[in-house]
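Below: the structure, in structure tokens.
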Number of protein chains: 2
Amino acid sequence: MNRMPVAERREQLVEAALAVASRDGIEAATVRAVAAEAGVSLGVVHYCFQDKDELLRAMAHAITERNAVQGLDQIPAGLPVETVLEAAIGALWASITGTRGSQLLSYELTTSSLRHPELNQVAAEQYRGQWTTAQQVLEVVGRAGNVRWLVPTEELARVVVAVVDGYSLAWLVDDNAEAALRGLQGFGTYLATLTVPVEGLSDDAVLPVPAGA
Amino acid sequence: MNRMPVAERREQLVEAALAVASRDGIEAATVRAVAAEAGVSLGVVHYCFQDKDELLRAMAHAITERNAVQGLDQIPAGLPVETVLEAAIGALWASITGTRGSQLLSYELTTSSLRHPELNQVAAEQYRGQWTTAQQVLEVVGRAGNVRWLVPTEELARVVVAVVDGYSLAWLVDDNAEAALRGLQGFGTYLATLTVPVEGLSDDAVLPVPAGA
DNA sequence: CATTGACCTGGGCGGTTGTCCAAGTCAAGT
DNA sequence: ACTTGACTTGGACAACCGCCCAGGTCAATG
């Protein structure tokens, strides 16, 4: 096998761990399985990571980062907020149903983190990421729909994450993507009732908007 | 140790498994740990259960049954539906936050079931139970508040379960019970907007109500 | 009292796990 | 060319896992 610096090897191993765990579950992500997936002999893993836990933490960090970067910029602007929400929810749901293994792995990581002290930070970091992402989406949606939220976006973000999490879990169990999407869209129309249109330009002070739009 | 018929021993072992898994996680519920918890030697477990999986299935069945029997009858009647919902949600949330280990175990069982074919039915059964329970609660609430639901309770039940699940998971992670309860009560006021008061007796045909009320 | 059979014991078996380590390999610097 | 040190190898280790089984115990039955 070809040699490479430890930093690069670490990335490769994290990728391999992500592949194994997404496909076969977090329990199947043994040191041996990850090494085999990466095409690397057993010792390499403990040469690059002190622990198996350190590898799992790196994997969790990677999956959290990956979820956060989702396309914020392809939300259409200049449309009614109901339409904007519907489009955003549709895109979000498509990206969820397209990565079933990763979604399931996220829940496995959450429960594992809550049980094992050595993974203590994982779940909290995951949720912080989801909340800030949801908040950013809400603010982008507000600007795109030219509305102001009646409830602080920080509070709303927690609702959104809870509802999306709940529907994702239900979908993983019953495999009924259409019913879940219908429910989510219903939640979207409810969200739309929590907005008021921004009429005058004088309202800009309420919700600070970067000049670069 | 005192002897007992296998049926009774099975119940005791299921109880022990539930105790171990709730306290230390589903991975810690090994055959040895369950036997030790029950104060029984190793072989007894395989004398009462064919598999470890059969023991876990029995444990999952027990926890599902236990969640379903929650007090449906202590919902106050003759009050505005908003008040009824608030009371019901408060009671539900208290029973959730009072059993942290069991809640976490439920999520662990769900993910395990989705990964391992030998536990295939567990998650589905769990969700069927939750949905029907939620539907029953909704109908009781409707009768107690003297209102009719604008959306079929079967559909609404799925929403309720998703939202409660999502908030429970968030609470397990950030341990902020007050924020979660506030969010749930907000969801309750939204639910109240999906009802219309039952005015005339002629409306009884729409929503069949048993004579015994 | 003798016997039967349900129930219990505790050690052993093969397999998998995380971790470690002595030895080997190879590109880069002198 | 040779030395150095980063990187790789593959086997060994103890601990734990689910499962099995030959044998022991004891209440109930004849």
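Within every chain, numbering begins at 1; the chains are lettered A, B, ... in the order of the sequence lines, protein sequences first and strands thereafter. The analysis underlying the following values was restricted to heavy atoms, covering all of them including side chains, and did not include hydrogens, waters or symmetry mates.
- Put simply, CG on Leu13(A) is 13 Å from P on dC7(D), counting in whole angstrom units.
- Side chain of Lys52(A), nearest nucleotide from dC7(C), dG12(C), dT19(C): dT19(C).
- Closest approach to the Val44(A) side chain among dT8(D), dC19(D), dT9(C) is made by dT8(D) (side chain taken as heavy atoms from C-beta onward).
- The distance from atom CG of Leu55(A) to atom C1' of dT17(C) is 15 Å, rounded to the nearest whole Å.
- At a cut-off of 3.5 Å, with distance as the only test, a side-chain donor of Arg9(B) or Gln12(B) sits close to an acceptor on the other residue.
- With rounding to whole Å, Tyr47(B) atom OH is found 15 Å from dC21(D) atom P.
- Put simply, CE on Met4(A) is 15 Å from C1' on dC26(C), counting in whole angstrom units.
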Please walk me through it: do Glu82(B) and Thr189(B) pass side-chain hydrogen bond (donor to acceptor under 3.5 Å, both in side chains)?
CA-CA 6 Å; Glu82(B) 291 87 357; Thr189(B) 63; over 6 Å; no
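- Contact annotation: side chain of Arg3(B) to base of dC8(C), donor-acceptor pair absent below 3.5 Å.
- When distances are taken from the side chain of Val6(A) to each of dC7(D), dG10(D), dC8(C), the shortest belongs to dC7(D).
- Trp171(A) has its ring centre no less than 6.0 Å from the ring centre of Tyr167(A).
- Close to dC19(D), at under 4.0 Å from its OP1 or OP2, lies a side-chain N or O of His46(B).
- In terms of position on DNA chain C, the residue among Cys48(B) and Leu42(B) whose nearest nucleotide sits closer to the 5' end is Cys48(B).
- Map Glu27(A) and Gln50(A) each onto its nearest nucleotide of DNA chain C; the residue landing nearer the 5' end is Glu27(A).
- Going from atom CZ of Arg10(B) over to atom P of dC8(C) covers 13 Å, rounded to whole Å.
- Between Arg9(B) and the phosphate of dC8(C), there is a side-chain N or O to OP1/OP2 separation shorter than 4.0 Å.
- In the model, Gln103(A) has no side-chain atom that pairs as donor or acceptor with a side-chain atom of Ser168(A) under 3.5 Å.
- One atom, CD1 of Ile26(B), and another, C1' of dC17(D), lie 15 Å apart when rounded to the nearest Å.
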